Amino acid sequence: SSIKASSNAFSQARDKVEEGLKQNFNLINESYRQIKISQVQSLGKDKQSLFYAAANGYFILTNDLALAESTIDRIIN
């Protein structure tokens with residue numbers, strides 16, 4: 001299932017979610033091919049991370065940074 005949302009609506013929703021996440025998780029942002037990839041990392045002992053990004057209308061969510069980057073490559077090419 002998919003839902004089409006304007007980039008402005010998506011950005012506003014993402015910003016609200018990120019504010020909530022910052023209370024209990026580390027949020028680390030990096031750029032890959034001029035696309036922001038956010039890493040959500042637990043503050044506890046378990047240092048597993050989730051990565052998410054938005055590219056050309058697609059939302060990417062994974063626990064593997066390399067997979068996020070290769071998915072971005074496929075989307076933008």
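In this text, all values refer to a predicted model and were calculated from it rather than measured experimentally.
Every residue two or more places apart in sequence or in another chain was checked for a ring-ring contact (aromatic ring centres under 6.0 Å, His included) with Tyr58, and none qualifies. Under the side-chain contact (heavy atoms from CB on, under 4.5 Å) criterion, Ser49 pairs with Gln39, Gln41, Phe51, not counting sequence neighbours. Here Lys36 pairs with Arg14, Glu18, Asn29, Ser38 under the side-chain contact (heavy atoms from CB on, under 4.5 Å) rule; sequence neighbours left out. Here Tyr32 pairs with Ile37, Glu69, Ile72, Asp73 under the side-chain contact (heavy atoms from CB on, under 4.5 Å) rule; sequence neighbours left out.
The minimum heavy-atom distance between Ala68 and Thr62, with the atom names listed, is CB-CG2, 3.7 Å. When every heavy atom of Ile35 is checked against every heavy atom of Ala53, the shortest pair comes out as CG2-CB, 4.3 Å.
Using a 4.5 Å cut-off on side-chain heavy atoms (C-beta onward), Ile75 and Ile60 make contact.
Here the CG-CG distance, from Leu61 to Leu67, works out to 10.5 Å after rounding to the nearest 0.5 Å.
Under the 4.0 Å criterion applied to side-chain N and carboxylate O atoms, Lys22 and Glu19 are assigned as salt-bridge partners.
If you chain together hydrophobic residues whose side chains sit under 4.5 Å apart, Tyr52 and Val17 fall into the same group. Residues Ile76 and Phe59 do not share a hydrophobic cluster, clusters being chains of Ile/Leu/Val/Met/Phe/Trp/Tyr side chains in contact below 4.5 Å.
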